[in-house]
Amino acid sequence: MIENNICLLTDSYKVTHHYFYPEGTEKIYSYLESRVGAEFNKTIFYGLQYILKKYLEGPVVSQEKIDEADRLIAAHIAEGIFNRDGWQYILDEHDGCLPIEIKAVREGTPVDVGNVLMTVENTDKKSYWLVNYLESLLLQVWYPSTVATLSAEVRKLSNFYLEVTGSVKDNLDFMLHDFGYRGATSTESSMLAGSAHLLSFSGTDTIPALTIPGNYYNDSNVYGFSVQATEHSVMTSLGPEGELNQILNVINQAKDGILSIVIDSYDYRNFLKQAAMSGSELNDAIMNFLDVEGNKVVFRPDSGEPVSTTIDCLNILEGGFGSYLTDKGYKVFDSNIGLLWGDGLDYHKIRDILFAMKSNGWAAQNIIFGMGGGLHSSVNRDTQRNAFKCSAQLRNGEWHDIFKNPLDSSKKSKTGRFKLISQDNSFRTIPIDGEGEDCLQTVFKNGELLSEDTFGDIKSRALKYSNFL
């Protein structure tokens with residue numbers, strides 16, 4: 001089987017639509033939006049350039065792909081269903097390049113929900129059927145966009161609690177660390193989600209995500225960073241009786257810099273009490289490590305109820321390492337001691353932890369978070385209510401506005417052709433002939449990528465939003 005056969009990158013039922021459209025159809029015009037009612041009120045648009053470069057750019061139709069698709073669809077649905085003539089026309093008349101035009105808002109832009117993010121229409125009237133054939137592939141931009149939005153909202157949340165507790169913001173770029181690779185549905189999804197996270201934060205353990213900027217966004221910079229850290233296979237190597245010896249081994253063998261230690265292999269309270277007890281063998285080892293300028297120890301409880309366990313750990317650490325007050329009266333450790341919570345988190349649990357810390361007199365700068373499944377696999381297309389719908393069709397030289405308006409009015413679609421304008425620090429979708437500069441720009445036309453962004457530029461747009469209080 002041919003990998004990435006564009007003729008097959010669709011839903012089965014779409015293969016039948018080329019003969020269902022009304023006679024005289026010349027153009028299909030469709031759009032993408034995040035519907036009103038999404039979890040977050042803005043969507044950070046991201047990932048289209050990746051999809052275009054990987055799947056749509058250049059001559060993507062070949063005779064081998066057409067023949068393979070014809071055979072497969074004949075067995076899958078029935079003989080004569082596959083639009084062989086339509087694909088053959090694209091190969092013969094367009095050298096295998098797709099005759100469509102895609103307009104989109106610039107990636108990294110936070111757009112108010114309920115607005116158009118992307119439009120698609122065919123440029124050859126004989127290929128009207130192609131627009132919604134590509135929906136299944138193009139709509140997958142929902143995934144990196146949703147992860148980018150989630151990370152941006154966590155950054156806004158973190159920024160807010162740093163501000164109100166009088167915390168320094170030196171560590172804001174690392175307050176949410178990506179632990180999602182192992183829980184991702186595929187390496188490709190981990191790359192996309194991981195790179196989307198890097199628009200708002202710099203901490204990641206998802207190494208494959210580091211390749212996206214260079215391979216798809218014209219940017220050779222490294223945007224994600226990590227530290228030396230243990231896991232339970234390391235910490236339990238000598239069993240419960242040898243835990244202390246193994247901890248000492250880890251600290252003694254650690255390189256200079258940040259060391260993250262998982263502490264719940266057996267009893268996190270006992271671990272922290274020993275670590276914080278002046279004169280104990282463990283405390284001495286930690287203090288010797290911290291004597292080196294720039295070294296830091298981060299303690300990671302990895303189980304338990306997130307809020308109560310976090311407060312418990314902070315209180316135990318304070319008993320040995322002490323604390324001082326920020327200018328707003330919240331307790332903070334010296335900068336070389338920290339806590340990392342990375343188990344079972346989502347946006348709401350992070351919010352609950354930060355709120356509880358504030359309520360208990362703790363500054364937000366004492367903690368960083370790690371999110372895996374909550375970042376990579378707990379979002380879905382309905383998180384931001386992403387939808388791709390046809391809103392206009394050209395038949396016999398005349399445009400016809402179309403829409404859906406089901407009993408569930410939240411799924412009512414837009415009608416007509418659009419432009420997206422910026423107004424009073426927000427966006428509005430208006431008719432295509434309305435006044436105002438269109439924020440949708442042509443990024444792809446007839447197989448050619450016409451506008452490319454660097455990852456750094458996209459990150460800058462996202463940060464303008466997530467840094468705003």
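What you see is a predicted model; the values in this text were computed from it and never measured.
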*Is a side-chain donor-acceptor pair under 3.5 Å present for Asn218 with Thr454?*
no

*Keeping the roles fixed (side chain from His197, backbone from Gly203), state whether a donor-acceptor pair exists under 3.5 Å.*
yes

_Residues Asp302 and Tyr268: side-chain donor-acceptor under 3.5 angstrom_ = no

*Going by atom types alone, do Asp205 and His177 pair a side-chain donor with an acceptor below 3.5 Å?*
yes

*asked:* In terms of relative ring orientation, are Tyr128 and Tyr21 parallel, tilted or perpendicular, with 30° and 60° separating the classes?
replied: perpendicular

*Report yes or no: do Asn221 and Asp219 form a side-chain donor-acceptor pair below 3.5 Å?*
yes

_Pair Glu107 + Arg461: basic N to acidic O under 4.0 Å_ = no

*Would you confirm whether the ring centroid of Trp87 sits within less than 6.0 angstrom of the ring centroid of Tyr133?*
yes

Donor-acceptor contacts, no H, no angles, side chain residues 43-50, under 3.5 Å, sequence neighbours left out:
from: Thr43; atom 1: OG1; to: Ser34; atom 2: OG; distance (Å): 2.9
from: Thr43; atom 1: OG1; to: Gln384; atom 2: NE2; distance (Å): 2.9
from: Tyr46; atom 1: OH; to: Ser195; atom 2: OG; distance (Å): 2.8
from: Gln49; atom 1: OE1; to: Asp453; atom 2: N; distance (Å): 2.8
from: Gln49; atom 1: NE2; to: Tyr216; atom 2: O; distance (Å): 2.8
from: Gln49; atom 1: NE2; to: Asp453; atom 2: O; distance (Å): 3.1
from: Tyr50; atom 1: OH; to: Glu188; atom 2: OE2; distance (Å): 2.5

*asked:* Less than 3.5 Å apart, any donor N or O on the side chain of Thr123 or Glu101 sitting next to an acceptor on the other?
replied: no

*asked:* Donor-acceptor pair, distance only, cut-off 3.5 Å: does the side chain of Arg35 make one with the backbone of Ala387?
replied: no

_Under 3.5 Å, is there a donor on one side chain and an acceptor on the other for Asp178 and Thr206?_
yes

